[in-house]
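Just so you know, ligand 1 is whichever comes first in the structure, and atom 1 is the first atom listed for that ligand. The shown structure was predicted, so the numbers you read here are calculated from the model rather than taken from an experiment.
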Amino acid sequence: MYKITEKKVLNEQVTSLTIEAPFIARKVKPGQFVIVRIDEKGERIPLTVADFDGEKGTVSIIFQAVGYTTKKLAALSIGDFVADCVGPLGLPTEFGNPKRAIVIGGGVGCAIAYPQAKALHNMGVKTDVIVGFRSKNIVILEDEMRKVCDNYYVTTDDGTYGEKGFVTNVLKRLISAEKYDLVIAIGPIPMMKFVSLTTKESGIKTIVSLNPIMIDGTGMCGGCRVTVGGETKFACVDGPDFDGHLVDYDSLMSRNGFYREEEAEHACRLGAYNNG
Ligand code: NAD
Ligand code: FES
């Protein structure tokens with residue numbers, strides 16, 4: 001059993017939980033994920049580690065309460081326990097030796113972009129952060145991000161905060177004005193696709209973190225297969241980071257929609273359960 005030691009509601013849908021998991025906290029590196037199961041009969045959900053503290057023995061996960069299990073997870077409180085927290089899983093991010101980097105977070109993807117920006121900042125890399133949200137009221141992790149970057153750019157789709165438009169508008173402007181040798185993009189699949197198309201023209205190394213459906217998280221079920229450079233890869237053991245210029249985003253989008261009806265049905269059942 002793994003105890004919840006801290007809980008923060010970041011916006012109406014997004015929650016941060018800090019969990020006591022000393023073994024994972026000592027080993028985990030940016031880019032890796034854990035699989036959490038709330039109880040014995042629970043679904044296994046993969047969540048990238050948003051932060052960790054080896055001394056305190058804790059890992060933090062940030063998630064959007066969209067489905068049955070994430071809504072149940074968001075309803076837990078400090079002092080509650082989850083049955084399992086397995087990890088660290090996946091490969092750590094390979095940053096190389098960049099001189100100047102851009103980290104891009106789209107919506108709740110900022111939770112995963114944050115440890116990347118922090119790691120680059122701690123390596124002494126000049127790092128700019130671009131974040132994009134639909135609207136001002138759902139902006140998350142602004143203070144945290146500002147502390148680990150040289151320049152912070154925020155966009156909103158509706159223009160209620162920062163610059164109106166998508167993250168790719170700022171990206172185009174930055175890379176046409178300055179020389180960057182690494183871009184990391186984490187967020188919705190269309191965002192990662194269009195960021196990669198933008199950086200491909202200038203040949204800037206681009207890393208994306210993929211979030212396909214996962215089951216075991218250890219390379220056995222094949223559920224998380226993605227096509228990268230024409231080859232089949234398993235995101236849980238070969239990723240979740242991949243070369244953004246080589247990912248087949250359209251097949252990833254189509255595979256991620258396979259269980260939409262079942263997910264909606266489970267969410268309805270939870271609604272009925274919560275309303276008595
Ligand atoms: P969202 O749909 O509100 O998009 C966030 C931002 O992404 C937008 O404000 C915009 O700046 C950018 N964006 C979206 N579509 C774009 C496009 N076509 N071109 C350029 N930029 C675009 O995000 P949300 O509702 O917070 O959802 C977050 C998404 O991130 C979910 O789909 C979730 O599955 C995904 N996610 C991915 C990971 C990962 O590891 N890749 C992790 C967590 C969440
Ligand atoms: Fe089963 Fe990756 S989750 S192979």
Can you sort out which atoms of ligand 1 are near [X], meaning under 4.0 Å from one of its heavy atoms?
X      : answer
Phe133 : 9 (O)
Gly132 : 5 (C), 6 (C), 9 (O), 11 (O)
Gly106 : 5 (C), 6 (C), 7 (O)
Ser209 : 39 (C), 40 (O), 41 (N)
Pro190 : 18 (N)
Ile112 : 38 (C), 40 (O), 42 (C), 43 (C)

To which protein heavy atom is [atom] closest, and what is the distance rounded to 0.1 Å?
atom                    : value
atom 34 (O) of ligand 1 : Asn211 ND2, 3.0 Å
atom 25 (O) of ligand 1 : Arg134 NH2, 2.7 Å
atom 16 (C) of ligand 1 : Phe166 CE1, 3.6 Å
atom 8 (C) of ligand 1  : Asp157 OD1, 3.5 Å

Cys221 backbone acceptor or donor facing Asp216 side chain under 3.5 Å: yes
Is it the case that the side chain of Tyr180 and the backbone of Pro98 share a donor-acceptor pair, with hydrogens and angles ignored and the cut-off at 3.5 Å? no
Is [X] close to ligand 1, meaning an N/O of one under 3.5 Å from an N/O of the other?
X      : value
Ile186 : no
Thr48  : no
Val167 : yes

Any protein heavy atom nearer than 4.0 Å to atom 38 (C) of ligand 1: yes
Less than 4.0 Å between a side-chain N and a carboxylate O, is that true for [Y] and [X]?
X      : Y      : value
Lys56  : Glu6   : no
Arg100 : Asp128 : yes
Lys7   : Asp80  : no
Asp250 : Lys193 : yes

Near atom 2 (Fe) of ligand 2, which protein N/O/S atoms are found at less than 2.8 Å? Cys224 SG, Cys236 SG
Among Leu120, Asn151, Thr199, Leu171, exactly one meets side chain to side chain contact (heavy atoms under 4.5 Å, CB included) together with Ile102. Which residue is that? Leu171
Can you check which of Pro188, Pro240, Gly107 brings a heavy atom nearest to atom 30 (O) of ligand 1? Pro188
Between the candidates Val108, Val66, Leu47, Thr155, which shows the shortest non-hydrogen contact distance to atom 26 (O) of ligand 1? Val108
